[in-house]
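Here is the structure we will look at.
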Amino acid sequence: MPLPRLTLLFAFLLCSWSGIGAQPRVTATEEGLFIQGADAGATFELNGEAVLATAVDDGWLIPVESGVQLLRMEDHTELYHLADGSGPDRLRRIPLWLSILPPLIAIGLALLFKEVIISLFAGIWVGAFIAGGLRFEAFLGVIKALLDTVDTYLINSLNDAGHLSVIVFSLLIGGMVAIISRNGGMAGVVNRMTKYATNPRRGQFVTWLLGVAIFFDDYANTLIVGNTMRSVTDRFRISREKLAYIVDSTAAPVASVAFITTWIGAELGYIGDGIEQVEHFANTTPYAVFIESLKYSYYPIFTLAFILYLIYQRRDFGPMLTAETRARTTGVLKATALETDAVDDQEDLDPIPGAPLRARNAVIPVLTVVVMTIVGLFDTGLNSLAGGLENPPASSDWGAVWGALEGGFFAKLGLTIGAADSYVALLWASMSGVVVALVLTVGQRIMNIAQTIGALTAGFKAMFSAVMILTLAWALALTTEELHTATFLVELLGDALNPYLLQPVIFVLAALISFSTGSSWSTMAILYPIAIPLTWTVAMLSGWAEPDAAGLLYNVISTVLAASVLGDHCSPISDTTILSSLASDCHHIDHVRTQLPYALTVGAVAMTAGFLSTVLGGGWLVCLSLMAGGLVLLYFVVKIVGRTMEMDD
């Protein structure tokens, strides 16, 4: 190509990338942002909310505070950093694509070096530098970003009641597990379990069954099942990677679709925000919409079945096959040397000499956690509902409030759990479990008070690494939120407006956002208010009848939920993935690396089934047929791709 043409092409691409000429010009003033070149009657959004611009001279003035600002003008979106003070360099434009760098750097380094703490820290550091306006000159820019990583992002990640609740809950569960390990209760459970888990296949099945049974909360599920079954699976040389996979994949998939879980309140809230914008659903409750969407819940059902196929057929493939072969043939249950190097620094949690191996000393505290979680959900839920009743009962006890609620048993149950404070319930449950374990241990004179408290603090110490990783993951999430990473991904993949393509596009989009942010809940919060009205509008503009459009909408609602869980499963910066690694005592990156092929395999089949549901018109018969077809397909995937593990029958 001749040089002049190359020059013209380069100039055209540069102008297109930088927006010269065709886009409004934004400058900073003392009052805020001054926009020139916008059309008369233009609408503006700042950080996702509509703002009123004042006409000034030949432009528009929007008052803003210093910091990162996402400005949307009609169909054009720009990210800016507005610094304090004055001067021509006060306003810096940040290319929106840079918002994806912090999570990509953290994830890439973690997978490359198999060390998650420094990788997360590096991602936060890069995010802080970008959010600071890419300013090298102010206090050496990069150094200032390093300091912001600690004094802003790490501190703000802990300045959250929900995050602190998860940390305290995790520490208390770790302390309880340490006590019931030292008093011989956990060893007693293992002895009892061996009556049912007599070989590796049955050991994995019991783990799966326990994971499905504790359906009401993914955090409680992960920590209880992982800690309880670890000794059982170790006895049969089941790799820690396989245990972590079963624990992780029976937590969120069950909690996300069960009627009564700690997820239901958040899900109904997000769905409610979306359907408020669709007149067709004016008289429909979010719970009814959620129930209708369940027939499209392919990924959670396929995931639970896929685990059973692996167990029943005694087959694995990919990195998991390597891990299982290593554990079965050499007895090395976890691969990464860093884990074994750290063992010497941990407290001994074996039963103390002479401790009676009584299973009830472990079962009773664990059941206390389960029961108190349910009690806490009911108590906080009914108390919350009592304040909003039009005709409140004379007393605030459970029976009176329950009787004042409208609907049948399951409708009342859904309302109660949906209004509950799950964090409070989990804190009550974990504290109760610790107290019961302590009383049982001291009351039977297995250990004295000092020894029991020593075991408790040893359990706290065992959880410290996970607390560090969780805190860093939350801090990284703050950078992705501040840089509007989700907005970039939505604009990147959200332009496919063919109704038949909406489901796969939203599936990929939700999975990417969840993978990048490490949070399925944040993904749902971002996408539901966007995807629900978008789906309805696109269907209506394409001439679809309202019943068909409603079917597509139910499909999209289920797709956002399922793909959020998929991305969460695949992400090394996800809190539930981190907790699964912790509870299973598996190196975190080994867990992610071995789980990834399984999750992506199930996800591909689930996305295809969802797409075919739209093409074939949806409905219960179509969905159940596709569900059956997907289950058969996954069975043969395991049979053809997997290799048989040598196990005792």
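Contacts classified as side chain to side chain donor-acceptor pair (under 3.5 Å) and involving residues 612-633 (residues at least two apart or in different chains) are given here: Y298-S613, N555-T614.
Atom-to-atom distance recorded for S520:OG and D568:CG is 4.0 Å, nearest 0.5 angstrom. Distance NZ/K242 to CD/Q595: 12.0 Å, rounded to 0.5 Å. Distance check, rounded to the nearest 0.5 Å: CG of N159 to CG of L154 gives 12.5 Å. The CG atom of L104 sits 8.0 Å away from atom CZ of F515, with the distance rounded to the nearest 0.5 Å. One finds the CZ atom of F636 at 9.5 Å from the OH atom of Y309 (value rounded to the nearest 0.5 Å). Rounding to the nearest 0.5 Å gives a distance of 12.5 Å between OG1 of T577 and CG of L582.
For the residue pair S571 and S574, no side-chain donor N or O sits within less than 3.5 Å of a side-chain acceptor on the partner. In the model, E482 has a side-chain atom that pairs as donor or acceptor with a side-chain atom of Y153 under 3.5 Å.
By the 4.5 Å heavy-atom criterion applied to side chains, I167 and T471 are counted as neighbours. When side chains are defined from C-beta on, I118 does not count as touching L109, because their heavy atoms never get closer than 4.5 Å. Put simply, the side chain of Y635 does not reach to within 4.5 Å of the side chain of L631, judged on heavy atoms. Taking the side chain as every heavy atom from C-beta outward, F302 and M627 approach each other to under 4.5 Å. Counting heavy atoms from C-beta on, the side chains of T535 and I506 come closer than 4.5 Å. Side-chain contact between T380 and W428: present, with at least one pair of heavy atoms (C-beta onward) separated by less than 4.5 Å. Using a 4.5 Å cut-off on side-chain heavy atoms (C-beta onward), S430 and V168 make no contact. With contacts defined as side-chain heavy-atom distances shorter than 4.5 Å, the pair V225/T250 does not qualify.
Close placement of the F317 and Y598 rings is indicated, their centers lying within 6.0 Å of each other.
For T576 against D248, the heavy-atom pair with the smallest separation is O-OD1, 4.1 Å. Considering all non-hydrogen atoms of both residues, A549 and W536 come closest at CB-CZ3, 3.5 Å. Minimum interatomic distance between A562 and P300 (heavy atoms only, all atoms of both residues): CB-CD, 4.2 Å. Closest approach of I94 and L98 over heavy atoms only: CG2-CD1, 4.3 Å. Here the closest heavy-atom approach between residue I532 and residue I275 is recorded as CG2-N, 3.9 Å. The minimum heavy-atom distance between L304 and S249, with the atom names listed, is CD2-O, 3.7 Å.
Between F121 and W125, the ring planes lie perpendicular to each other; the angle is over 60°, past the 30° to 60° tilted range.
The backbone N or O of G127 sits nowhere less than 3.5 Å from a side-chain atom of T479 that would complete a donor-acceptor pair. Between the side chain of R240 and the main chain of H587, no donor-acceptor pair closer than 3.5 Å is present. Side-chain atoms of E241 do not come within 3.5 Å of backbone N or O of M320 as any donor-acceptor pair. In this structure a side-chain-to-backbone donor-acceptor pair under 3.5 Å is missing from S542 to A539. With hydrogens and angles disregarded, no donor-acceptor distance shorter than 3.5 Å links the side chain of Y554 to the backbone of V289. S514 places no side-chain N or O within 3.5 Å of a backbone atom of A511 that could act as its donor or acceptor partner.
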**Message:** side chain to side chain contact (heavy atoms under 4.5 Å, CB included), that's the test. Do T152 and N156 meet it? Break it down for me.
**Reply:** CA-CA 6 Å; T152 300; N156 287 341; 3.6 Å; yes
**Working for side chain to side chain contact (heavy atoms under 4.5 Å, CB included), residues I307 and Q204** = CA-CA 9 Å; I307 301 170; Q204 293 176 70; over 6 Å; no
**Item:** Intermediate values then yes/no, side chain to side chain contact (heavy atoms under 4.5 Å, CB included), I311 and W208
**Value:** CA-CA 9 Å; I311 296 171; W208 178 91; 4.3 Å; yes
**Request:** Take L624 and K295 through the test side chain to side chain contact (heavy atoms under 4.5 Å, CB included) and record every step on the way to the result.
**Result:** CA-CA 7 Å; L624 290 176; K295 59 178 175 282; over 6 Å; no
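Under the rule for a side-chain contact (heavy atoms from CB on, under 4.5 Å), the partners of T233 that lie at least two apart in sequence or sit in another chain are T207, I238, L243. Applying the side-chain contact (heavy atoms from CB on, under 4.5 Å) criterion to V622, with sequence neighbours excluded, gives L616, L626. Residues satisfying the side-chain contact (heavy atoms from CB on, under 4.5 Å) test with E481, not counting sequence neighbours, are L478. The side-chain hydrogen bond (donor to acceptor under 3.5 Å, both in side chains) test applied to S239 returns E324, not counting sequence neighbours. With sequence neighbours excluded, the residues satisfying side-chain contact (heavy atoms from CB on, under 4.5 Å) with S581 are H588, H591.
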